[in-house]
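Quick caveat: nothing in here was measured; it's all calculated off a predicted structure. Numbers here simply count residues along the sequence, with the first being 1.
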Amino acid sequence: MHKSLKDIQRVYFVGIGGIGMSAIARYCMFLGKDVAGYDKTPTALTDALEAMGANIHFEDEVSRIPTEFLDPVATLVIYTPAIPAAHSQLSYFNAQGFAVKKRAQVLGMITEGVYTLAVAGTHGKTTTTAILAHLLKETGAKVTAFLGGISENYNSNLVLEGNEVVVVEADEFDRSFLQLYPDVVAVTSMDADHLDIYAAADALEASFREFSSRAKDHLLVCNGLPLSGTTYGVNDDSAYCAVNIRIDNGTYIFDLRTPTELVKDLHLNLPGTHNLLNAITAFAIAMLYGSPTSGLAKALATFRGVQRRFTYHIKEENIVYIDDYAHHPTEIKALHQAVREMHPDQKVLAVFQPHLYSRTQDFAADFAASLSLFDELYLLDIYPAREVPIPGVTAAWLLEQVSLSDKQLVAKEALTSKIQESDATVVVTIGAGDIGAEVGKIKTMLESR
């Protein structure tokens, strides 16, 4: 049933507002399909889809499914693994014999017949795919890219220039990436994460090996990972290597040594060594795809970033406000490195909202260590997302393990007024939960201060 999207007229999304789901919904509408779906709450993403003509509702009731989507032959149902198994609409579709597929399976359907560039890794996927999509689009490739974040250049999580090449984020959560058919694979990192799914780090590593073996043409790996492919890195012996790195007014300028040439004076307007690595990865994939090097260099300089990935909201002499999606200790450490590199000798206040009880429990010591690097910490309650509380795993328990003296628990409602009391000149909000919804209020307050 439903071998390809061509056979289908209607697509129903359970969890349509998710960043990855909404990109596929937009793609289906671009193909001329009728699109409807459910999500828990309205967001900017669901507003945009409704403006394009999608039929969206926010109650998990079977009666809310539009009548024309109740035909199992004409309708494909796509759901996100974040939806609980007891969801009544999902249960109904399964019981009635609909074709019900996970988001990753649908990406598999899309990538099977098209040359596919896939970026995997526990960190760096979204920024790397966004840079790659931008490089390919700007150098004239007929590219479709599904991004796990909103590209600042296009204010979108979907780039639609044609269907000669597809760029996808290969998600290790739930082993989703094993549904893809990649020609070129890049692996950015393999830190332990999603231990609620994998139970042990070696199981995660095994699934990365299995995914890497699916690359038909090229496998690119960050130097130091336990995989055998073409390496990339910074100031080391990698095949693709950033050398002669300078910083000028918040911009990296560097040379890229490749197996065939030295590309001089590349410009990247994103801070942090992790972003330098993301840029090298994207540049190397684009070169392997065959894009012209001079065009790629020009395009890299115009890449503006991804929303909530080291996003500057205020960048003044006396106050800097940055918002970032980091939700793993390695990401928080990378964020800290970038903040110190770009804003040395300033007092930095970190405002962190932990994401998931299981992740907080699994990495408590590492979270405490990475958060202790800042000068001051405000810690919010744990954002549960798909989980029920774990007894004893609380923000207060995590805060006890942080070695800073200048630290406190803050209720989200009191956050803006609390920040106003701090004398920090750099404020960073961090987390993957709903802390992003506070950014506007914080920015307004800091600007008026």
**Request:** Scan side-chain atoms only and decide if Tyr252 and Glu341 contain a donor-acceptor pair under the 3.5 Å cut-off.
**Result:** yes
**Request:** Could you label the plane-to-plane angle of the Tyr383 and His355 rings as parallel, tilted or perpendicular, counting under 30° as parallel and over 60° as perpendicular?
**Result:** parallel
**Message:** Between Asp217 and Tyr115, does the side chain to side chain donor-acceptor pair (under 3.5 Å) criterion hold? Intermediate values first, please.
**Reply:** CA-CA 10 Å; Asp217 286 353; Tyr115 199 85; 2.6 Å; yes
**Item:** Pro42 backbone acceptor or donor facing Thr46 side chain under 3.5 Å
**Value:** no
**Prompt:** Can Arg209 and Glu205 be counted as an ion pair, charged N to O under 4.0 angstrom?
**Reply:** yes
**Asked** Between OG1 of Thr302 and CZ of Arg304, what distance do you get to the nearest 0.5 Å?
**Response** 8.5 Å
**Request:** Could you tell me whether the side chain of Val159 reaches within less than 4.5 Å of the side chain of Lys137, counting heavy atoms only?
**Result:** yes
**Prompt:** Between Ser422 and Ile419, is there a donor-acceptor pair closer than 3.5 Å when you use the side chain of the first and the backbone of the second?
**Reply:** no
**NZ/NE/NH1/NH2 to OD/OE distance under 4.0 Å, Lys441 and Glu438** = yes
**Request:** Could you pull out the closest heavy-atom pair between Ala395 and Leu379, with the gap in Å?
**Result:** O-CD2, 3.2 Å
**Item:** Check against side-chain contact (heavy atoms from CB on, under 4.5 Å), Val402 and Ser372
**Value:** CA-CA 6 Å; Val402 174; Ser372 299; 3.4 Å; yes
**Request:** For Glu387 and Tyr357, indicate whether the former's side chain and the latter's backbone hold a donor-acceptor pair under 3.5 Å.
**Result:** yes
**Item:** Validation row: Thr251, Leu268 side chains within 4.5 angstrom (heavy atoms)
**Value:** no
**Item:** Closest approach of Gly15 to Asp39 (non-hydrogen atoms, all atoms of both residues)
**Value:** C-OD2, 3.2 Å
**Prompt:** With no hydrogens and no angle check, is any side-chain donor or acceptor of Thr116 less than 3.5 Å from a backbone partner on Thr111?
**Reply:** yes
**Prompt:** Looking only at heavy atoms, what is the nearest atom pair of Gly149 and Ile19, with distance?
**Reply:** N-CG1, 3.6 Å
**Request:** Report the C-alpha separation of Arg64 and Glu61 in whole Å, then their side-chain angles, then the decisive distance to 0.1 Å, and conclude whether the salt bridge (charged side-chain N to carboxylate O under 4.0 Å, His left out) test is met.
**Result:** CA-CA 6 Å; Arg64 293 302 312 268; Glu61 289 160 17; 5.8 Å; no
**Prompt:** Side chains of Leu158 and Leu147: closer than 4.5 Å at any heavy-atom pair?
**Reply:** no
**Request:** Show your working on side-chain contact (heavy atoms from CB on, under 4.5 Å) between Gln353 and His327 and close with a plain yes or no.
**Result:** CA-CA 8 Å; Gln353 181 188 47; His327 54 284; over 6 Å; no
**Message:** Checking the side chain of Asp324 only, and the main-chain atoms of Ile430 only, is there a donor and an acceptor separated by less than 3.5 Å?
**Reply:** no
**Prompt:** Where the side chain of Ser417 meets the backbone of Ala414, is there a donor-acceptor pair that is under 3.5 Å apart?
**Reply:** yes
**Request:** Decide, yes or no, whether a salt bridge links Asp323 with Arg309 under the criterion of side-chain N to carboxylate O below 4.0 Å.
**Result:** no
**Stepwise side chain to side chain donor-acceptor pair (under 3.5 Å) test for Gln89 and His57** = CA-CA 12 Å; Gln89 289 188 359; His57 57 269; 2.9 Å; yes
**Request:** Determine, stepwise, if the pair Lys347 / Asp375 fulfils salt bridge (charged side-chain N to carboxylate O under 4.0 Å, His left out).
**Result:** CA-CA 6 Å; Lys347 180 175 178 181; Asp375 302 308; over 6 Å; no
**Prompt:** Parallel, tilted or perpendicular: which fits the ring planes of Phe93 and Tyr12, with parallel below 30° and perpendicular above 60°?
**Reply:** tilted
**Donor-acceptor pair between Asn318 and Thr425 side chains, under 3.5 angstrom** = no
**Side-chain (Thr360) to main-chain (Pro354) donor-acceptor, under 3.5 angstrom** = no
**Item:** Exercise: identify the closest heavy-atom pair between Val143 and Ala133
**Value:** CG1-O, 4.4 Å
**Message:** Less than 6.0 angstrom separating the ring centers of Tyr38 and His87, yes or no?
**Reply:** yes
**Aromatic ring pairing Phe177/Phe208, orientation class (parallel under 30°, perpendicular over 60°, tilted between)** = perpendicular
**Prompt:** Looking at side-chain heavy atoms only, is the closest gap between Thr122 and His328 below 4.5 Å?
**Reply:** no
**Message:** Using a 6.0 Å distance limit plus a 45 degree cone around the ring axis, check whether Arg308 lies over the aromatic ring of Tyr325.
**Reply:** no
**Prompt:** Just how far is it from atom OG1 of Thr188 to atom CG of Leu225, taken to the nearest 0.5 Å?
**Reply:** 8.0 Å
**Asked** Can you check whether Phe69 reaches Leu76 side chain to side chain, under 4.5 Å on heavy atoms?
**Response** no
**Message:** Under the criterion side chain to side chain donor-acceptor pair (under 3.5 Å), I'd like the reasoning laid out for Asn278 against Thr128: C-alpha separation, chi angles, the key distance, then a yes or no.
**Reply:** CA-CA 5 Å; Asn278 294 337; Thr128 304; 3.2 Å; yes
**Asked** Can Val187 and Leu219 be said to form a side-chain contact (heavy atoms from CB on, under 4.5 Å), step by step?
**Response** CA-CA 8 Å; Val187 181; Leu219 172 62; 4.3 Å; yes
**Item:** Val427 side chain near Tyr378 side chain, heavy-atom distance below 4.5 Å
**Value:** no
**Asked** Closest heavy-atom contact between Tyr181 and Gly108?
**Response** CD1-O, 3.6 Å
**Asked** Aromatic rings His134 and Phe303: how do their planes relate, parallel, tilted or perpendicular, breaks at 30° and 60°?
**Response** tilted
**Request:** Return yes when atom CG of Asp434 has more than 12 non-hydrogen atoms of other residues, nucleotides or ligands closer than 6.0 Å, and no otherwise.
**Result:** yes
**Least distance between heavy atoms, Phe146 atom then Ile110 atom** = CZ-CD1, 3.8 Å
**Request:** Decide if atom NZ of Lys33 counts as having more than 12 heavy atoms of other residues, nucleotides or ligands within a radius under 6.0 Å.
**Result:** yes
**Request:** Establish, yes or no, whether a centroid distance under 6.0 Å links the rings of Phe367 and Phe352.
**Result:** yes
**Asked** Once you round to the nearest 0.5 Å, how far does CG of Leu45 lie from CD of Glu50?
**Response** 11.5 Å
**Request:** Determine whether Leu180 and Arg214 make a side-chain contact, defined as any pair of heavy atoms from C-beta on separated by less than 4.5 Å.
**Result:** no
**Prompt:** Rounded to the nearest 0.5 Å, how far does CG of Asn223 lie from OH of Tyr232?
**Reply:** 10.0 Å
**Request:** Measure the spacing between CD1 of Ile83 and CZ of Arg103 and express it to the nearest 0.5 Å.
**Result:** 12.0 Å
**Message:** Between Glu376 and Lys407, does any side-chain N to carboxylate O distance fall below 4.0 Å?
**Reply:** no
**Asked** If only atom types and distance count, is the side chain of Ser88 paired as donor or acceptor with the main-chain N or O of Asp60 below 3.5 Å?
**Response** yes
**Prompt:** Is the count of non-hydrogen atoms from other residues, nucleotides or ligands lying under 6.0 Å from Lys40 atom NZ greater than 12?
**Reply:** no
**Prompt:** Would a distance-only check, ignoring hydrogens and angles, find a side-chain to backbone donor-acceptor pair under 3.5 Å from Ser238 to Gly233?
**Reply:** yes
**Asked** Is the NZ atom of Lys142 crowded by more than 12 outside heavy atoms at less than 6.0 Å?
**Response** no
**Asked** Any sub-3.5 Å donor-acceptor pair from Ser291's side-chain atoms to Met287's backbone N or O?
**Response** no
**Prompt:** Would a 4.5 Å heavy-atom cut-off, applied to side chains only, mark Thr80 and Val14 as touching?
**Reply:** no
**Chi angles and distances behind the side-chain contact (heavy atoms from CB on, under 4.5 Å) call for Val221, Thr230** = CA-CA 6 Å; Val221 298; Thr230 304; over 6 Å; no
